[in-house]
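Report on the following structure.
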Amino acid sequence: MKVLVIGNGGREHALAWKLSQSRLVDGLYVAPGNPGTAAFAENVDLPVDDVDALADFAETKRISLTVVGPELPLTLGIVDAFEKRNLKIFGPSRAAASLEGSKAFAKRFMQRHNIPTAHAEIFHAVEPALKYLKAHGAPIVVKADGLAAGKGVFVAQTEEEAEDAIRRCIEKEEFGPAGKTILLEDCLTGPEASILAITDGKVVLPLPTCQDHKRIGEGDTGPNTGGMGAYSPAPLVSPALYKQIFERIIEPTVKGMADEGTPFRGVLYAGIMITPEGPKTLEFNVRFGDPECQPIVMRWEDDAVPILVKAARGDLDRDTQLTFSDDPAICVVMAAADYPASPRKGDVIAGLDEAAQLDNVQVFHAGTKTDEQGRVVTNGGRVLGVTARGESLKAARDRAYEAVDRISWDGVQVRRDIAAKALT
Ligand code: AMP
Ligand code: GLY
């Protein structure tokens, strides 16, 4: 069968790499893909938000399964558009994607279904928001309602910072329509973990635990990024805690969405904070995380295709269990100079072949392109996700950094402490 992956990041390279190993697949396309996916799949020059063109392509090429990487096409309704044409696609409908597309929707949903999360109030104008801020005090978290590429969350330590964030969202419209509605949320504390599951709207198949590293700097310092590295499993989440998160958060979410007539199919990703009062939901994503996807697929042993097809059809078997290697995996992101502010493009990347020679290492491309001279150069903030598996987390980590050390370009940024918390 023919399979199409939508997206061009490290997550999509990892998904396509995984799908390419299925014996069921005899044609693999990635739209738009990157130089990494071009090595084993056919890149299709279509942007992720051109839903109609993607559906036309899938129809013409008789694609049997489409897998969507990023959130944007999901919130635009790509799944609804494909299903209208009887094209099978793995991901949530536009209505179900609101769990990520609108933080106000997600918050009200969690409140309706008693799913643990921070208390928050929703505002559409500056004055009432400032009034609430005065009564509440700092610290407080200001969140833009809509998609803001990870930049719409402000953990404000002072009332001044919070007021500034409120004005940037509502008055200055820095996030466009995404910031016209905001949440003012209680500030929680505790370590964070990413909990993901595949679901067909009823049956929930847990994916292994994972931890992301969101800040640019070692020791979790500096500005937020899309994620500078991830590892799986995350020992911070004990088996008891994992069970509790599924019972109190993931399963009630899937059931609640089905009960409300908007069943959620696809990957449900909950960003969880382990607070002194137990796990609480910080956010939902409606897709694999990036870079969480990379170490997870490195550990995934099943043929992914039949599972994603059944999930897309809404007929996963209750007794299906996913199989993951016990060997931990880690992804170290190599980022461009000046990321995340204004990543520099065009730096020539050396050492890709040398890194690829290492066993149990995959170098997933993200922000790369091939220039006129055929050289692979930087073309985005997060450039590569160097991912390795090993008999222990330490072995996986050492192997990933061995590969990282073979790769270089001008101004490359790497955190040397990915997974360090789990190793001490
Ligand atoms: P989000 O995009 O909602 O996951 O938020 C991005 C980051 O902001 C999270 O990974 C947390 O580190 C932080 N954050 C979000 N909500 C809260 C909260 N209620 N309390 C403290 N930190 C938060
Ligand atoms: N790594 C966080 C995300 O994918 O949203």
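No hydrogens, no waters, no symmetry mates; every other heavy atom, side chains included, goes into these values. Counting starts at 1 for both ligands and their atoms, in listed order.
Note that CZ of Arg248 is 10.0 Å distant from NZ of Lys243, once rounded to the nearest 0.5 Å. One finds the CG atom of Leu268 at 12.0 Å from the CG atom of Leu205 (value rounded to the nearest 0.5 Å).
Polar contact check, Asp290 against ligand 2: a nitrogen or oxygen pair lies under 3.5 Å apart. At least one N or O atom of Asp212 sits closer than 3.5 Å to an N or O atom of ligand 2.
For Asp186, every heavy-atom contact with ligand 1 shorter than 4.0 Å involves the backbone, none the side chain. At a heavy-atom cutoff of 4.0 Å, ligand 1 is contacted by the side chain of Val153 but not by its backbone.
Nearest heavy atoms, Leu316 versus Ile307: CD2-O, 3.7 Å. Residues Asp327 and Glu391 come closest through the heavy atom pair OD1-CA, 3.8 Å.
Of the possible polar contacts, one joining the Asn34 side chain to the His365 backbone as a donor-acceptor pair under 3.5 Å is found.
Residue Gly289 places a heavy atom less than 4.0 Å from ligand 2. Judged by the shortest distance from any of its heavy atoms, Cys187 lies inside the 4.0 Å radius around the atoms of ligand 1. Heavy atoms of Tyr269 come nearer than 4.0 angstrom to ligand 2 in at least one pair. Residue-ligand proximity: Gly226 is placed with a non-hydrogen atom under 4.0 Å from ligand 2. Close to ligand 2: Arg287, with a non-hydrogen atom less than 4.0 angstrom away. Heavy atoms of Lys280 stay at 4.0 angstrom or farther from ligand 1.
Nearest protein heavy-atom neighbour of atom 17 (C) of ligand 1: Leu282 CD2, 3.5 Å. Atom 13 (C) of ligand 1 has Val155 CG2, 3.9 Å as its closest protein atom, hydrogens excluded (heavy atom only). The protein heavy atom nearest to atom 2 (O) of ligand 1 is Glu283 OE1, 3.2 Å. Ranking the protein heavy atoms by distance from atom 12 (O) of ligand 1 puts Glu192 OE2, 2.5 Å first. Regarding atom 18 (C) of ligand 1, its nearest protein heavy-atom neighbour is Val141 CG2, 3.6 Å.
Less than 4.0 angstrom separates some heavy atom of Lys103 from each of these atoms of ligand 1: 2 (O), 3 (O). The ligand atoms of ligand 1 that sit less than 4.0 angstrom from a heavy atom of Glu185 are 16 (N), 18 (C), 19 (N). The contact set between ligand 1 and Lys143, taken as ligand atoms under 4.0 Å from a residue heavy atom, comprises 3 (O), 15 (C), 16 (N). Numbered from 1 in the order shown, with element, the atoms of ligand 2 that lie under 4.0 Å from a heavy atom of Glu292 read 1 (N), 2 (C), 4 (O). Atoms of ligand 2 found under 4.0 Å from any heavy atom of Asn285 (numbered from 1 in listed order, with element): 5 (O).
Using a 4.5 Å heavy-atom threshold, the side chains of Val383 and Tyr339 count as separate. Proximity of Glu283 to Val153: side-chain heavy atoms (C-beta onward) are nowhere separated by under 4.5 Å. With contacts defined as side-chain heavy-atom distances shorter than 4.5 Å, the pair Phe324/Ser232 does not qualify.
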(Q) Walk me through whether Arg168 and Val142 qualify under side-chain contact (heavy atoms from CB on, under 4.5 Å). (A) CA-CA 10 Å; Arg168 285 174 64 184; Val142 182; over 6 Å; no
**Q.** Chi angles and distances behind the side-chain hydrogen bond (donor to acceptor under 3.5 Å, both in side chains) call for Thr37, His13
**A.** CA-CA 6 Å; Thr37 59; His13 183 176; over 6 Å; no
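The residue from Ile140, Asn285, Leu188 that puts a heavy atom closest to atom 21 (C) of ligand 1 is Leu188.
The aromatic rings of Phe105 and Phe109 sit parallel, their planes meeting at an angle under 30°, below the 60° perpendicular limit.
The pair Arg416-Asp405 meets the salt-bridge criterion, with a side-chain N (NZ, NE, NH1 or NH2) lying under 4.0 Å from an Asp/Glu carboxylate O.
Counted by atom type alone, Asp80 and Ser93 present zero donor-acceptor pairs between their side chains at under 3.5 Å.
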